[in-house]
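A short worksheet on the structure shown next.
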Amino acid sequence: MAVTLRLPSATIRSCVLRFGFGMQLHPAAHIYMLRDVRDARQIQVGAGTIIGSGCILDGRRGIKIGKSVNFSSEACVWTLQHDPQSPSFDIAGGPVEIRDHAWISMRAIILPGVTIGKGAVVAAGAVVTKDVDDWTIVGGVPAKKIGARNQTKYVLDAHRNAAWFI
């Protein structure tokens, strides 16, 4: 079941996602108004993670999001898609994992079966079709390595929507 969650209260949104739809949402995570959530029971969100407005989370094959991950607005994570080689347009896919301290920028798209490494950055508008190594910056369509990120533990403060470093 897909649901659009545009409740104006972060507290109510969190409660609906946790208790109404079964999302494994850490109490210290913050979710803005989502565009679409599919099978919330298969989605785990770690402490300090911020998921921006208009994001799509397709949990049908499982999404695991680590601690202090930042999703900018309108980012999409897909765990299922149609198989372009199938004569009957069958579906194929796999779980997605986004490890601690990663940043998924605005309108980035992560496709099924991908792992985003610890501290990695996915640039705005990128389409990720393959795993991204730890502390790597990727961009483009399809996403390719365009740089490296400092190996600092970036920690998000969901209440002030700002990052600080440890």
Side-chain angles (χ1 to χ4, degrees), residues 10 13-14 17-18 21-32 34-81 92-166:
R13 264 192 314 276
S14 292
L17 286 168
R18 264 192 219 107
F21 295 106
M23 183 183 283
Q24 299 165 57
L25 179 63
H26 192 281
H30 185 82
I31 303 222
Y32 286 87
L34 298 173
R35 179 170 157 217
D36 194 358
V37 177
R38 297 176 186 200
D39 202 351
R41 295 167 298 154
Q42 302 298 319
I43 301 172
Q44 300 174 18
V45 181
T49 288
I50 299 172
I51 299 179
S53 296
C55 289
I56 297 173
L57 300 176
D58 170 18
R60 292 175 292 175
R61 290 294 184 264
I63 299 173
K64 183 178 179 183
I65 302 170
K67 295 181 280 188
S68 293
V69 173
N70 182 63
F71 273 79
S72 297
S73 297
E74 299 178 18
C76 301
V77 177
W78 295 103
T79 64
L80 280 176
Q81 63 186 0
V96 170
E97 181 178 359
I98 300 163
R99 296 188 177 147
D100 299 349
H101 313 292
W103 173 17
I104 313 303
S105 195
M106 185 171 184
R107 294 190 177 160
I109 299 170
I110 299 170
L111 294 179
V114 169
T115 296
I116 306 295
K118 181 177 182 179
V121 176
V122 177
V127 177
V128 182
T129 61
K130 297 179 180 171
D131 292 352
V132 176
D133 291 334
D134 294 351
W135 308 106
T136 299
I137 301 171
V138 298
V141 179
K144 292 181 171 55
K145 182 177 180 177
I146 59 174
R149 189 176 191 197
N150 295 334
Q151 294 190 24
T152 302
K153 287 185 180 176
Y154 298 86
V155 178
L156 301 174
D157 182 345
H159 299 290
R160 288 183 290 173
N161 199 17
W164 53 278
F165 309 95
I166 60 171

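Any value given below was found using the heavy atoms of this structure, including those in side chains, with hydrogens, waters and symmetry copies removed.
Listed by chain and residue number, nothing satisfies the salt bridge (charged side-chain N to carboxylate O under 4.0 Å, His left out) test with Arg61 (two or more places apart in sequence, or in another chain). For the salt bridge (charged side-chain N to carboxylate O under 4.0 Å, His left out) test, no residue two or more places apart in sequence or in another chain qualifies with Arg18. Listed by chain and number, the residues in a side chain to side chain contact (heavy atoms under 4.5 Å, CB included) with Asp131 are Val114, Thr115 (sequence neighbours excluded).
Pro142 places none of its side-chain heavy atoms less than 4.5 Å from the side chain of Val127.
Put simply, CZ on Arg35 and CG on Leu57 are 12.0 Å apart, with the number rounded to the nearest 0.5 Å. Interatomic distance, SG of Cys76 versus CD1 of Ile104, reported as 11.5 Å (0.5 Å rounding). For the atom pair Thr136 OG1 and Ile116 CD1, the distance stands at 10.0 Å (nearest 0.5 Å). Atom CE of Met23 and atom CD of Gln44 lie 10.5 Å apart (nearest 0.5 Å). Atom-to-atom distance recorded for Ser72:OG and Ile51:CD1 is 11.5 Å, nearest 0.5 angstrom. With rounding to the nearest 0.5 angstrom, the CG atom of Asn150 is 9.0 Å from the CH2 atom of Trp135.
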| task | Could you check Val122 against Ser105 for side chain to side chain contact (heavy atoms under 4.5 Å, CB included), going step by step and ending with a plain yes or no? | result | CA-CA 6 Å; Val122 177; Ser105 195; 5.9 Å; no
Note to self: One pair to check against side chain to side chain contact (heavy atoms under 4.5 Å, CB included): Trp78 and Val96. What are the steps and the verdict?
What the structure shows: CA-CA 8 Å; Trp78 295 103; Val96 170; over 6 Å; no
| said: What verdict does the side chain to side chain contact (heavy atoms under 4.5 Å, CB included) test give for Ile43 and Val77, after you've listed the backbone C-alpha separation in whole Å, the side-chain angles of each residue and the deciding distance to 0.1 Å? | reply: CA-CA 11 Å; Ile43 301 172; Val77 177; over 6 Å; no
Checking side chain to side chain contact (heavy atoms under 4.5 Å, CB included) for the pair His101/Arg99: CA distance, chi angles, key distance, verdict?
CA-CA 7 Å; His101 313 292; Arg99 296 188 177 147; over 6 Å; no
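A donor-acceptor pair is defined here as one N or O able to donate and one able to accept, closer than 3.5 Å; no such pair exists between the side chain of Asn70 and the backbone of Trp103. A distance-only check finds no donor-acceptor pair linking the side chain of Asp58 to the backbone of Arg38 [under 3.5 Å]. Checking side-chain atoms of Arg41 against main-chain N and O of Gly22 turns up no donor-acceptor pair under 3.5 Å. Side chain of Thr49 to main chain of Val69: a donor-acceptor pair is present (N/O by atom type, distance under 3.5 Å, no hydrogens or angles).
Closest approach of Cys55 to Glu74, counting heavy atoms only: SG-N, 3.9 Å. Among all heavy-atom pairs drawn from Gly52 and Tyr32, the shortest one is C-CB, 3.7 Å. Among all heavy-atom pairs drawn from Ile98 and Phe71, the shortest one is CD1-CZ, 3.4 Å. When all heavy atoms of Thr79 and Gly62 are compared, the closest pair comes out as CG2-O, 3.5 Å. Listed here is the closest heavy atom pair of Ala148 and Ile137: O-CD1, 3.5 Å. In terms of heavy-atom proximity, Gly117 sits nearest to Ala102 at O-CB, 4.0 Å.
By the 6.0 Å contact criterion, CZ on Arg60 is enclosed, its count of non-hydrogen atoms from other residues, nucleotides or ligands being greater than 12.
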